[in-house]
Trainee: 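Can you keep this structure in mind? I'll have questions shortly.
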Amino acid sequence: MTVICRVDPLEPDRSILRRAAEIVRQGGLVAFPTETVYGLGANALDPAAVKKIFHAKGRPLDNPLIVHVASIDQIYMLAKRIPREAEALIERFFPGPLTIVLEKEPIVPDETTASLPTVAVRMPDHKVASRLIEESGIPIAAPSANKAGRPSPTRAQHVLQDLEGEVDMIIDGGATRLGLESTVVDLTVNPPELLRPGAVTFEMLRKVVRTVQVHPSVLQDVSYGGAVRSPGMKYRHYAPRAELIVVVGDQQNVQMKIEQLIRELSPKKLRIGVARTTGKLYNASHLEELGRSKQEIARDLFDVLRRFDEANVDVIFAEGIDERGLGLAIMNRLKKASGYKIIRA
Ligand code: TXA
Ligand code: MG
């Protein structure tokens, strides 16, 4: 049975957070909003509770979880040897949409880290998340609260669609502010590596840690051969049910290419969807607006991918954007969602 409780994201009801914290302490599952996406939370230090997360999501057991904290002290409890670069990142970006990978302390069970010697730590910038962690008194392991492979949830409704009956409580704090999962940086390697781009952009990281590098998997498919640092890299992600194709290049060429592709498919009588960022009118069954600014695109991307499923389209063409700033994170999710079906216009 799944209970849904609505809260004001800015002033969440204490009694609801107490109930949620009690569920976490007893080894249950609570879905909660963060500034990025909704998380599926459990006691990060309890192997049995953590196993429930993997089971509910259908998540491969070799894909480790992020541990969420509400204080700097908790970071020191989970991680040993915090390098200078990590301290600088914590100082600059915590709380916020950044996850750092550090060497783990034995207190963190192997179930949480998928047997890696490292642990991913993040301090969310959201009252519901931070008060839930404070109230429960323990760090909370939380992947995005979607079924494995589906777009991450940015609304409580998305969590319900994927996990009804499998999570004890969903705290509904409305739509999430940023819409893409946190930036992940590995500080156990030299130079440090960006494993997943997010709202803390590469350019922002660079100003604090000058040596940080973009891991190749951020830009292209690494699922065939090659070393996989973040196990999450090798699985298909964020995927809508329809076939998704990303068209990249200059805006005008992209639009012309999509029009041409639609014309070529027209004898097949398929339901075609287009995710556009430009307001361009296409001759398609279903048009979705991704927003005009990168902030809007990031915030709405996963919601839009889910809406294509509801509209039952067969093929989706998405207009690509440039990879500067937040564009790197947006294009990373779009490419992964397409299974790297990318056409250059
Ligand atoms: O914004 C977010 O990060 C959201 C919210 C709920 O906080 N959480 C989230 O979790 O996106 P998840 O499990 O969907 O993604 C975690 C990513 C995966 O790519 C995983 O492989 C990577 O972080 N990761 C976790 N622990 C790691 C570790 N020890 N070393 C390298 N990568 C790790
Ligand atoms: Mg996820």
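What's counted below: heavy atoms across the whole structure, side chains too, no hydrogens, waters or symmetry copies. Numbering of ligands and ligand atoms starts at 1, following listing order.
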Trainee: Counting only heavy atoms not in K51 (residues, nucleotides, ligands), do more than 12 fall under 6.0 Å from its NZ?
Mentor: no
Trainee: Consider every N or O of T99 and every N or O of ligand 1, then say whether any pair is closer than 3.5 Å.
Mentor: no
Trainee: Out of T34, I66, V121, indicate the one that has the non-hydrogen atom closest to atom 23 (O) of ligand 1.
Mentor: I66
Trainee: I want to know if ligand 1 touches T36 in the polar sense, i.e. an N/O pair below 3.5 angstrom.
Mentor: yes
Trainee: For ligand 1, is any non-hydrogen atom under 4.0 Å from P64's backbone (N, CA, C, O), its side chain (CB onward), both, or neither?
Mentor: both
Trainee: Counting each atom of ligand 1 from 1 as listed, which ones have a heavy atom of L116 under 4.0 Å away?
Mentor: 28 (C), 29 (N), 30 (N)
Trainee: Under 4.0 Å, heavy-atom basis, I'd like to know which part of H68 is in contact with ligand 1: side chain, backbone, both or neither.
Mentor: side chain
Trainee: Applying side chain to side chain contact (heavy atoms under 4.5 Å, CB included) to L178 and T34, what does each step give before you reach the verdict?
Mentor: CA-CA 9 Å; L178 300 174; T34 76; over 6 Å; no
Trainee: Which of the numbered atoms in ligand 1 are below 4.0 angstrom from a heavy atom of T118?
Mentor: 28 (C), 29 (N), 30 (N)
Trainee: Determine whether the aromatic ring centres of F308 and H286 lie less than 6.0 Å apart.
Mentor: yes
Trainee: Go through ligand 1 atom by atom and flag the ones less than 4.0 Å from a non-hydrogen atom of G39.
Mentor: 6 (C)
Trainee: Taking 4.0 angstrom as the limit, do D8 and K127 come out as a salt bridge?
Mentor: no
Trainee: Do the side chains of K257 and E319 get close enough for a salt bridge, i.e. N-O under 4.0 angstrom?
Mentor: no
Trainee: Does N63 approach ligand 1 within less than 4.0 angstrom via side chain, backbone, both or neither, non-hydrogen atoms only?
Mentor: side chain
Trainee: Looking only at non-hydrogen atoms, find the nearest pair between T2 and E164 and report the distance.
Mentor: OG1-C, 3.8 Å
Trainee: Tell me if the CD atom of E91 is crowded by more than 12 foreign heavy atoms within 6.0 Å.
Mentor: no
Trainee: Could you go step by step and tell me if S182 and T99 meet the side-chain hydrogen bond (donor to acceptor under 3.5 Å, both in side chains) rule?
Mentor: CA-CA 6 Å; S182 62; T99 297; 2.7 Å; yes
Trainee: Does an N or O from S182, backbone or side chain, lie closer than 3.5 Å to an N or O of ligand 1?
Mentor: yes
Trainee: Check if L65 has a non-hydrogen atom at a distance under 4.0 Å from any atom of ligand 1.
Mentor: yes
Trainee: N/O to N/O below 3.5 Å, does that happen between S144 and ligand 1?
Mentor: yes
Trainee: Verify the distance test for S144 against the Mg ion (ligand 2): any N/O/S atom under 2.8 Å, yes or no.
Mentor: yes
Trainee: I'd like to know whether CG of N283 has more than 12 heavy-atom contacts from other residues, nucleotides or ligands below 6.0 angstrom.
Mentor: no
Trainee: Using a 4.0 Å heavy-atom threshold (strictly under), name the region of R59 that reaches ligand 1: side chain, backbone, both or neither.
Mentor: side chain
Trainee: Pull out every atom of ligand 1 sitting under 4.0 Å from any heavy atom of A120, numbered as shown with elements.
Mentor: 25 (C), 26 (N), 27 (C), 29 (N)
Trainee: With a cutoff of 4.0 Å, is P124 in contact with ligand 1, counting heavy atoms of the residue only?
Mentor: no
Trainee: Sort out for me which residue in E289, Q255, E288 forms a side-chain hydrogen bond (donor to acceptor under 3.5 Å, both in side chains) with R276.
Mentor: E289
Trainee: With a 4.0 Å cut-off on N to O distance, would you call E135 and R19 a salt bridge?
Mentor: no
Trainee: Under 4.0 angstrom from ligand 1, any heavy atom of V37?
Mentor: yes
